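Order of the sequence lines sets the chain letters (A, B, ...), proteins ahead of strands, with each chain counted from 1. Just so it is clear, the structure is predicted and the values come from calculations on it, not from any experiment.
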There are 4 protein chains.
Amino acid sequence: MAGPSEDKRRLILAAAVRVFAREGYHDARVGDISKEAGVAYGLVYHYFTSKEAVLEAVFRETWGLMLAAIHDVEERGGPAPDQLRRVCKIVLRAWGDDPDLVRVLVREVARSPQIQREIDEIEQAFAALERIVARGQEEGTFTKDLAARTVALMLYGALEEILTAWVLGQLPDDEDAVAEAERTIVALFTNGLAR
Amino acid sequence: MAGPSEDKRRLILAAAVRVFAREGYHDARVGDISKEAGVAYGLVYHYFTSKEAVLEAVFRETWGLMLAAIHDVEERGGPAPDQLRRVCKIVLRAWGDDPDLVRVLVREVARSPQIQREIDEIEQAFAALERIVARGQEEGTFTKDLAARTVALMLYGALEEILTAWVLGQLPDDEDAVAEAERTIVALFTNGLAR
Amino acid sequence: MAGPSEDKRRLILAAAVRVFAREGYHDARVGDISKEAGVAYGLVYHYFTSKEAVLEAVFRETWGLMLAAIHDVEERGGPAPDQLRRVCKIVLRAWGDDPDLVRVLVREVARSPQIQREIDEIEQAFAALERIVARGQEEGTFTKDLAARTVALMLYGALEEILTAWVLGQLPDDEDAVAEAERTIVALFTNGLAR
Amino acid sequence: MAGPSEDKRRLILAAAVRVFAREGYHDARVGDISKEAGVAYGLVYHYFTSKEAVLEAVFRETWGLMLAAIHDVEERGGPAPDQLRRVCKIVLRAWGDDPDLVRVLVREVARSPQIQREIDEIEQAFAALERIVARGQEEGTFTKDLAARTVALMLYGALEEILTAWVLGQLPDDEDAVAEAERTIVALFTNGLAR
DNA sequence: GATGAATGAGATTTCATTCAT
DNA sequence: AATGAATGAAATCTCATTCAT
């Protein structure tokens with residue numbers, strides 16, 4: 001599973017994240033990726049069918065990790081506002097953990113035609129947020145006046161916008177600023193949903 | 001200003017919106033635009049310096065209208081929550097008015113590398129939202145605990161996400177649904193900011 | 001019809017014949033064709049959709065001329081052996097007229113997977129030969145013991161082989177040799193079909 | 001000679017015939033051959049120096065068998081028309097015996113640039129046909145008016161064309177049709193050469 | 001202003017061949 | 001002998017931009 005060939009695949013994927021982050025998916029040439037990974041041009045095509053498939057793999061494999069973390073939050077349970085906070089923390093901390101990756105996800109995947117957004121994975125993130133909101137409504141913590149799905153979309157949009165602002169350097173992104181953003185979004189949505 | 005040549009320019013611009021909406025900026029060929037507009041290939045280059053300049057013009061000229069509408073809201077004054085509602089209405093109603101245009105703005109401009117987001121125009125939208133929030137804080141309607149700029153970003157993100165969901169067909173977009181989205185976002189942010 | 005653009009198209013086609021003859025279809029690069037024609041690389045793709053389309057056009061437009069000549073023979077009528085002689089003459093004289101073209105037709109088109117042989121045009125040549133044989137049978141000049149279609153195929157094969165031998169330099173191809181080949185094939189098939 | 005390794009070599013060669021027949025030499029990938037043979041990619045290169053060398057081996061080893069059969073006909077002697085008939089039979093029966101092989105020989109070898117036709121083996125086939133014709137002339141069965149070499153070429157072309165027609169499905173190829181083709185070509189050339 | 005033929009740089013992708021194991 | 005990952009040269013095709021009319 002983690003044989004030498006699997007390593008090369010990971011090498012290429014990691015290099016692709018850096019290259020896509022630096023130059024953007026479209027401007028990045030496949031040769032840039034192979035060079036960055038220190039492998040031969042053709043090896044990229046040995047592991048992936050196309051440049052687009054590389055982007056897709058980057059997305060799928062990292063998004064999967066985030067989804068798992070979110071599902072973990074749900075499974076651990078606890079009050080809805082708490083779950084909401086923990087999810088926001090996971091999403092926003094991603095920036096500090098791997099800015100290149102966030103940059104790629106935000107710029108290339110978020111609403112790109114390359115990777116159709118409709119694909120299940122993104123829908124699953126919406127669904128998780130929606131479930132958390134719905135749970136709060138059932139608990140009686142959140143108002144039932146607002147549709148959970150609409151709120152979930154807005155929460156998603158708000159989170160993405162914060163990440164985008166960091167990506168584009170439009171907002172400070174030091175530790176404090178990250179903590180503040182987290183506090184703000186949680187307060188806004190928790191209060192916003194309060195009965 | 002509205003001579004026969006100006007007409008051709010508008011013809012091209014309107015065609016470009018349709019083509020970009022249909023095929024995406026990147027996949028759209030200049031020939032597609034000229035064909036859609038019913039003019040000669042070269043005429044596109046007579047009026048615009050490049051394909052990118054066409055997109056930029058689309059953005060600039062329509063974004064300007066929206067900014068003016070938002071500024072108008074500010075000038076008319078009134079309570080901050082009211083101003084916020086009117087702004088959300090303007091943004092969300094754009095979908096019904098010109099879906100192709102919204103599609104292009106959301107997909108191609110919002111966070112694309114093509115048109116650098118830093119450009120003043122987008123910043124001005126943030127600033128307007130920020131001013132409205134700040135005004136609410138000064139009025140005493142909104143809490144001062146949350147940074148106006150951060151909230152403004154989140155509001156922008158939430159609005160954009162709703163439009164995106166409509167663009168991608170992930171959310172109903174009939175009259176009622178639009179009204180509901182408007183009500184939801186206003187309630188969410190007004191309550192969320194309430195002292 | 002013969003505007004300056006049509007000229008360029010012909011220029012490219014003529015250059016392609018020379019290049020294909022010299023290097024073979026497969027080894028020929030599109031750049032070789034454009035260079036030989038003295039036009040820009042992209043112009044080849046302005047007039048043809050692909051390298052294969054160039055070969056196809058070469059075939060179609062020249063084969064058409066030959067078909068016309070053969071049909072002309074048929075229309076002029078006369079005894080079948082005479083018609084047969086005139087057709088052989090047309091085919092074999094093509095070598096002297098445009099060796100490059102014959103080289104391309106023989107090597108690349110004749111039984112290549114590139115241009116499916118089944119295409120109508122080649123079938124029409126068979127059909128014409130078949131008609132001439134059949135006419136001889138009706139006249140009473142040729143035996144009815146042999147199937148006209150089979151004989152037509154053999155005649156075609158024999159002609160093609162002679163051209164191939166010239167192309168590959170396996171047989172002298174001076175005027176006398178051409179005349180001799182013509183005399184031989186006509187004698188062979190006329191006697192072979194004699195009652 | 002027939003060790004276990006020799007088996008693998010044959011395995012690859014037989015697979016190559018099927019693959020070349022199916023996809024054509026050019027479109028066939030080395031990986032297709034190894035997969036068809038059920039051996040590792042690299043093993044093809046253990047036994048053959050290149051993809052072309054595989055085609056050449058296919059040709060050489062099967063053509064050799066046919067040449068031997070033709071030489072056998074010559075050695076057994078008998079009247080020239082009889083020898084001619086037997087040779088035609090050998091050539092035409094190959095289709096029924098191994099259509100894939102004939103397909104490859106006809107399409108890829110016959111007049112391909114890959115395997116230069118001048119190579120001895122093909123010349124030897126011409127030479128054999130030529131000798132048979134010449135023998136008929138010496139016997140007094142065939143006219144001396146026609147050059148044996150030219151006639152040999154035509155005979156070769158006619159045979160090849162029949163095979164080609166079968167390969168391309170342009171002519172029925174059941175037992176009866178094969179017998180008819182044989183009869184036709186023999187009659188045509190025997191009569192054609194009659195004094 | 002208007003036309004559309006002409007240009008050519010540049011990107012993706014393929015796949016025969018090599019080579020370390 | 002056998003394997004298959006790794007290499008990288010080479011070729012097609014696209015299309016934004018230019019330009020002569």
Qualifying residues under side chain to side chain contact (heavy atoms under 4.5 Å, CB included), relative to A/L11, sequence neighbours excluded: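 Scan of A/L11 (side chain to side chain contact (heavy atoms under 4.5 Å, CB included), adjacent residues dropped) gives A/K8, A/V39.
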Roughly, in whole Å, what's the span from [atom1] in [X] to [atom2] in [N]?
X	N	atom1	atom2	answer
A/F48	F/dA6	CZ	P	12 Å
C/I12	E/dA5	CD1	P	12 Å
C/R9	E/dG4	CZ	C1'	17 Å
A/Y47	F/dA5	OH	C1'	6 Å
C/K35	E/dA9	NZ	P	12 Å
C/D7	E/dG4	CG	C1'	16 Å
B/L11	E/dA2	CG	P	10 Å
B/I33	E/dA2	CD1	P	17 Å

4.5 Å side-chain heavy-atom contact, D/R10 and D/E61: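 They are in side-chain contact.
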Flag side-chain contact, heavy atom, 4.5 Å: A/F20 against A/I33: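 The answer is yes; the side chains approach within 4.5 Å.
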Pairs flagged by salt bridge (Lys or Arg N to Asp or Glu O under 4.0 Å) wherever residues 33-43 of chain B is involved - sequence neighbours left out: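 Of all non-adjacent pairs touching residues 33-43 of chain B, those that pass salt bridge (Lys or Arg N to Asp or Glu O under 4.0 Å) are B/R18-B/E36, B/R22-B/E36.
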Main-chain N/O of C/E52 paired to C/Y25 side chain as donor or acceptor, under 3.5 Å: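 Indeed, once roles are kept as given, a pair shorter than 3.5 Å links the two residues.
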A/E108 backbone acceptor or donor facing A/R103 side chain under 3.5 Å: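 No: the side chain of A/R103 does not pair with the backbone of A/E108.
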Given E/dG8, F/dG8, F/dA2, the nucleotide with the shortest approach to the side chain of D/K8: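 So the nucleotide nearest the side chain must be F/dA2.
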Closest nucleotide among F/dG4, E/dT3, E/dT7 to the C/L43 side chain: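 When the side chain of C/L43 is considered, E/dT7 is the closest of F/dG4, E/dT3, E/dT7.
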Aromatic plane relationship, B/F59 with B/W63 - under 30° parallel, 30 to 60° tilted, over 60° perpendicular: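 B/W63 vs B/F59 ring planes: tilted.
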Salt bridge (charged side-chain N to carboxylate O under 4.0 Å, His left out) against D/E23, all qualifying residues, sequence neighbours excluded: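 For D/E23, no residue satisfies salt bridge (charged side-chain N to carboxylate O under 4.0 Å, His left out) once neighbours in sequence are set aside.
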With sequence neighbours excluded, residues passing salt bridge (charged side-chain N to carboxylate O under 4.0 Å, His left out) with A/R29: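 Result, salt bridge (charged side-chain N to carboxylate O under 4.0 Å, His left out) vs A/R29: A/D32.
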Pairwise 5' ranking along DNA chain E for A/H46 and C/G38, keeping only the more 5' one: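 Here C/G38 is the residue nearer the 5' end.
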Footprint string (nucleotides 16-21 of chain F, 5' to 3'): B base within contact, S backbone only, - free, heavy atoms under 4.0 Å: BBB---
Stems where DNA chain F pairs, listed by first number, each of three or more Watson-Crick or G-U pairs under 3.5 Å: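 Paired runs of 3+ in DNA chain F: E:2-21 with F:2-21.
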